[in-house]
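Notes to accompany the following structure.
Worth saying up front: this structure is predicted, and the values here are computed from it rather than measured.
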Amino acid sequence: KDSVSPERYRQQPKIDAQVYKDDVFLAEEAWKKVEASSPLDTEKFDEVTDVLADNSMKFYGVSDGIASYDRVTDLLLQYYDGILYTEDD
């Protein structure tokens, strides 16, 4: 029970506001390293995997497909920032 207590999450460092603004998975320098060492065109690979993931999710009943990841990520960030807890919890 203690592992899911509101107090435990209040003790965690807040997620920096820049995380919400950036919407960046890897910094530009990190992407350059990935692209340099990749045997595949990373942009094309990214496009293909996005389409496959989107279609797969829609096939299995997630009507908005890959866009649902944005909602889930936002909810997780809010949860771990303590937004879902009130001071009275």
Side-chain angles (χ1 to χ4, degrees):
K1 179 73 178 157
D2 184 53
S3 65
V4 294
S5 74
E7 186 56 37
R8 179 171 178 251
Y9 290 106
R10 280 198 266 288
Q11 293 172 1
Q12 302 303 313
K14 294 284 186 189
I15 296 169
D16 191 282
Q18 194 64 39
V19 171
Y20 296 103
K21 295 175 187 174
D22 286 347
D23 193 28
V24 173
F25 179 67
L26 287 175
E28 188 175 342
E29 288 181 28
W31 269 122
K32 287 179 182 177
K33 288 180 183 179
V34 169
E35 290 171 349
S37 64
S38 177
L40 303 171
D41 177 355
T42 56
E43 285 187 35
K44 185 56 73 179
F45 186 76
D46 187 45
E47 290 173 23
V48 169
T49 57
D50 283 352
V51 169
L52 289 173
D54 189 57
N55 288 333
S56 175
M57 292 177 76
K58 288 177 180 174
F59 178 80
Y60 286 104
V62 180
S63 61
D64 58 348
I66 203 165
S68 66
Y69 280 117
D70 288 340
R71 285 194 322 280
V72 170
T73 302
D74 187 49
L75 288 171
L76 286 169
L77 289 171
Q78 289 179 40
Y79 182 80
Y80 286 105
D81 261 352
I83 291 172
L84 296 182
Y85 291 120
T86 64
E87 292 300 318
D88 297 330
D89 286 340

Who are the side-chain hydrogen bond (donor to acceptor under 3.5 Å, both in side chains) partners of Asp74, not counting sequence neighbours? Gln78
With a 3.5 Å distance limit and no angle check, can you tell me whether Ser38 reaches the backbone of Val34 through a side-chain donor-acceptor pair? no
Which salt bridge (Lys or Arg N to Asp or Glu O under 4.0 Å) pairs, counting each pair once, include a residue from residues 46-63, with sequence neighbours left out? Lys44-Glu47, Asp54-Lys58
Apply the hydrophobic cluster definition, ILVMFWY joined by side-chain contacts under 4.5 Å directly or through others, and give me every member besides Met57. Val62, Ile66, Tyr69
Got a sec, which residues hit salt bridge (charged side-chain N to carboxylate O under 4.0 Å, His left out) with Glu28, two or more places apart in sequence or on another chain? Lys32
Thr42: what forms a side-chain hydrogen bond (donor to acceptor under 3.5 Å, both in side chains) with it, not counting sequence neighbours? Glu35
Apply side-chain hydrogen bond (donor to acceptor under 3.5 Å, both in side chains) to Asn55 and list each qualifying residue two or more places apart in sequence or on a separate chain. none
Hydrophobic cluster mates of Phe59, side-chain heavy atoms under 4.5 angstrom, ILVMFWY only, any path? Tyr60
Considering residues at least two apart in sequence or located in another chain, which fulfil the salt bridge (charged side-chain N to carboxylate O under 4.0 Å, His left out) criterion with Asp64? Arg71
Starting from Val48 and following side-chain heavy-atom contacts under 4.5 Å between hydrophobic residues (I, L, V, M, F, W, Y), which residues can be reached? Leu52
